[in-house]
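A note on names: the letters A, B, ... follow the listed sequences, proteins ahead of strands, and every chain is numbered from 1.
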Protein chains: 2
Amino acid sequence: MAISLHRNVREIFDAGLKAADPGQAIKRAVKHGKDGELIVGGRKYKLNQFNRIVVVGAGKAASPMAVAIEDILGSYLSEGAITTKYGHGLSLKVISLTEAGHPVPDEAGLAGTEHILKLLHETKENDLIFCLISGGGSALMPLPVPGLTLEDKQKTTEELLACGAAIHEINAIRKHISAIKGGKLAKAAYPGTLITLILSDVIGDDLDVIASGPTVPDKSTFADCAAILEKYNITERVPPEVAAYIERGNAGLEPETSKPGDPIFDKAQAVIVGSASLSIDAAGKKAIQLGYNTLILSTLIEGETREVAKVHTAIIREILKSGNPVTRPACIISGGETTVTIHGNGLGGRNTEFVLAAAIEISGLDDVIILSGGTDGTDGPTDAAGAVADGTTLSRALEKGYSAAEYLKNNDSYHFFEATGDLLKTGPTMTNVMDLRILLVGDSN
Amino acid sequence: MAISLHRNVREIFDAGLKAADPGQAIKRAVKHGKDGELIVGGRKYKLNQFNRIVVVGAGKAASPMAVAIEDILGSYLSEGAITTKYGHGLSLKVISLTEAGHPVPDEAGLAGTEHILKLLHETKENDLIFCLISGGGSALMPLPVPGLTLEDKQKTTEELLACGAAIHEINAIRKHISAIKGGKLAKAAYPGTLITLILSDVIGDDLDVIASGPTVPDKSTFADCAAILEKYNITERVPPEVAAYIERGNAGLEPETSKPGDPIFDKAQAVIVGSASLSIDAAGKKAIQLGYNTLILSTLIEGETREVAKVHTAIIREILKSGNPVTRPACIISGGETTVTIHGNGLGGRNTEFVLAAAIEISGLDDVIILSGGTDGTDGPTDAAGAVADGTTLSRALEKGYSAAEYLKNNDSYHFFEATGDLLKTGPTMTNVMDLRILLVGDSN
């Protein structure tokens with residue numbers, strides 16, 4: 001049983017990873033119909049009715065998404081421009097590639113964004129625009145409104161973070177001082193038809209949060225922005241050009257972000273092609289197929305990693321004790337991203353720390369296995385995606401002189417699992433739909 | 001909907017409380033059959049076949065349990081002796097009552113235990129012994145082996161805690177230097193028939209942990225005890241009488257605790273009459289009856305309260321987002337006992353802190369309500385059992401000038417909910433099966 005639990009937990013994780021693969025996600029979401037039709041999000045697009053088909057986008061997964069869309073569009077594709085992180089570029093046939101700075105935006109990112117807007121500037125009624133968005137899209141597609149610099153934007157964000165502004169308040173201001181966020185890319189693509197394909201790395205998949213929503217409506221206003229500066233008393237602390245721009249906007253002298261109901265969105269749709277939810281659904285389907293009674297706990301898990309681990313293992317122990325919340329053989333899956341408060345100076349990430357904390361709680365239990373892995377394949381500053389543990393992990397480690405409690409205390413989960421041989425390694429996956437945690441309880445016989 | 005959610009969450013909590021009521025728990029577990037038969041744990045006992053029926057026991061709920069058993073046994077009851085905490089005594093007809101110190105054992109507790117052993121000393125083949133055990137039973141039923149004092153036991157426990165010994169190691173030694181724990185009460189009740197009725201306040205309901213298992217087998221040995229003293233190098237630190245006693249025991253010169261398979265357990269059974277699991281089952285049944293798709297998450301929840309709250313609310317948000325892990329109207333129930341790391345100087349307990357942390361996460365959500373309450377009716381050092389919150393709690397508080405984040409930071413959840421009027425008050429319940437957390441998500445219409 002232990003052997004098949006180990007094999008199954010990896011199969012279930014791999015099913016989740018596969019669903020998050022950028023190329024596969026695009027190909028699952030964009031299907032060929034008959035007569036050169038494309039079907040996306042339930043809508044049909046006759047490719048030969050479009051005059052010009054353009055692909056733009058940004059994000060850490062922009063390259064493999066672009067490879068897939070080039071493959072799908074073939075000779076229908078007119079031109080395109082995407083921006084990805086340094087070292088993340090793949091060879092493309094038609095679409096022009098820019099590599100740029102992430103997480104700190106740089107001049108290369110600015111140039112890439114200007115290139116994108118230049119392509120869209122010529123958009124006509126009969127054009128079809130694909131916009132490919134993935135994690136990191138915000139930093140990789142920077143463009144302050146005329147008169148402001150990247151430094152102005154960055155200084156503004158720093159002040160907002162320092163004064164304790166809420167994330168939706170920070171986003172409201174960032175969208176208003178950007179020439180591309182808050183629906184402004186959609187405005188540039190008007191009056192063409194716009195299809196946004198999104199690989200979401202944001203908890204909850206809010207479209208206006210992912211990459212600051214370049215192609216979706218923004219509800220916030222210049223009046224909100226002015227009120228936020230006043231609320232936190234930072235009008236004097238942000239760069240004077242930013243304060244002046246917001247003041248002019250509030251007086252109706254600068255263009256608002258695009259609001260819900262704006263006709264520019266009439267021919268636009270945004271489709272999430274990959275996300276924590278989609279990966280967890282795929283993992284769940286695999287688990288059911290393997291015969292496990294499967295419970296998807298939540299895709300939205302946050303909180304201090306080792307405490308979150310305790311709640312997960314409390315569910316494991318309840319399954320063993322009473323058959324609640326599901327009977328054996330059982331599979332519990334959760335997603336989202338936890339946090340680690342650093343107390344020591346060891347090496348590890350959220351996922352290896354989760355598995356180490358969980359290993360302590362399940363030590364000695366039979367027929368239990370726990371896996372936690374980052375779908376990007378790199379857990380924190382390590383070359384592992386995560387780790388796997390069962391009821392024997394602690395005693396196997398102890399035989400080699402490794403104390404789980406000590407290593408957890410020192411946030412040194414990577415070295416602990418390196419010693420036990422339980423690191424989970426996938427290599428970089430070029431995608432990110434946050435973490436997958438999979439807990440199996442086998443049959444008792 | 002909001003009104004019925006509020007009513008329902010309280011009805012579900014009350015169903016859980018009712019199942020933990022000591023008197024009701026006894027009466028549910030000990031049923032009259034026909035012809036003066038009692039049915040307990042599936043076994044039948046013909047009362048008129050017994051020569052003498054005796055009730056002993058200890059714990060904070062010993063009094064109401066004794067009232068119920070007196071009521072059930074009526075004139076069959078010969079005599080009895082129980083010990084409860086100061087101020088927890090109720091008037092009894094036949095059973096003699098001792099009030100004693102808790103959590104620190106005192107001379108009154110010693111005298112009560114001696115009284116119990118004296119009653120059992122005369123046990124014959126045809127006697128029936130009821131032993132009533134509830135939370136606090138270990139401190140309330142103290143009796144060191146001859147030659148050791150209460151102070152010796154206490155000093156030993158302190159040294160074991162200080163050196164970082166595991167709880168099962170501490171228990172092994174405590175059982176061996178006790179004249180009543182580790183199955184020794186069962187030995188005293190031999191060759192009579194023994195029925196132990198247990199109201200469990202221990203996570204996982206391990207019978208040999210509850211009140212240090214006076215009526216159940218103990219697997220640990222004097223050899224284990226000697227190894228523990230050596231492992232932590234505290235042979236010189238515990239009182240010399242304790243070290244000497246364990247050394248003599250290890251040499252076979254003192255009586256071992258009663259081991260599994262010992263014939264003294266042949267006519268003994270132990271029944272859990274109340275526990276977190278039983279209360280949560282009752283709460284779950286009520287929720288199902290009220291029409292909620294109900295998921296019992298775990299009765300074994302531990303961890304830092306505010307982080308545990310985040311996992312619970314992540315499940316709430318997932319239900320709203322995707323219908324996982326259960327569809328609306330949904331009820332999630334969990335039990336167990338979390339911990340609070342104190343950072344501030346406010347007033348509150350685990351339950352009010354849980355609800356405050358959860359309230360922050362669900363602020364603004366419709367059709368959601370969260371209750372957490374201690375089944376003992378007193379959450380930490382307060383007169384409330386817990387609190388209730390919904391999506392409006394934070395804004396209602398803010399109108400009165402109360403910031404949830406500030407009050408959480410200061411561990412001042414009691415005053416926060418006192419201000420919003422959302423404290424949950426039951427009064428002391430004389431029982432304890434830990435905490436109940438109930439989360440409801442109503443229908444969307």
*Asks:* Test Lys219(A) against Asp224(A) for salt bridge (Lys or Arg N to Asp or Glu O under 4.0 Å), laying out the working first.
*Replies:* CA-CA 10 Å; Lys219(A) 284 182 197 152; Asp224(A) 294 334; over 6 Å; no
*Asks:* Please identify, among Thr294(A), Leu297(A), Ile280(A), Ile319(A), the residue contributing the most non-hydrogen atom pairs under 4.5 Å to chain B.
*Replies:* Leu297(A)
*Asks:* Heavy-atom distance under 4.5 Å to chain A: side chain of Ser322(B), backbone, both or neither?
*Replies:* neither
*Asks:* What option among Val308(B), Val326(B), Thr299(B), Asp205(B) has the most heavy-atom pairs under 4.5 Å with chain A?
*Replies:*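 Highest number of heavy-atom pairs under 4.5 Å: Thr299(B).
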*Asks:* Say you draw a straight line from CZ of Arg396(B) to OH of Tyr402(B); how long is it, rounded to the nearest 0.5 Å?
*Replies:*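 If we round to the nearest 0.5 Å, Arg396(B):CZ and Tyr402(B):OH are 13.5 Å apart.
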*Asks:* Between Ser277(A), Gly284(A), Ser298(A), who has the most heavy-atom pairs with chain B when the cutoff is under 4.5 Å?
*Replies:* Ser298(A)
*Asks:* Does the Lys NZ or Arg CZ of Arg306(A) fall within the cation-pi geometry relative to Phe354(A) - under 6.0 Å from the ring centre and within 45° of the axis?
*Replies:* no
*Asks:* Between Thr313(A), Ile203(A), Ile296(A), Asp281(A), which shows the greatest number of heavy-atom pairs under 4.5 Å with chain B?
*Replies:*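 Most heavy-atom pairs under 4.5 Å with chain B: Ile296(A).
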*Asks:* Begin from the C-alpha positions of Lys310(A) and Glu304(B) and carry the test salt bridge (Lys or Arg N to Asp or Glu O under 4.0 Å) through to its verdict.
*Replies:* CA-CA 9 Å; Lys310(A) 282 184 203 160; Glu304(B) 181 68 28; over 6 Å; no
*Asks:* Can Thr338(B) and Thr305(B) be counted as having a side-chain donor-acceptor contact under 3.5 angstrom?
*Replies:*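 Per modelled atom types, Thr338(B) and Thr305(B) side chains form a pair under 3.5 Å.
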*Asks:* Of the backbone (N, CA, C, O) and the side chain (C-beta and beyond), which part of Leu295(A) lies under 4.5 Å from a heavy atom of chain B, both, or neither?
*Replies:* side chain
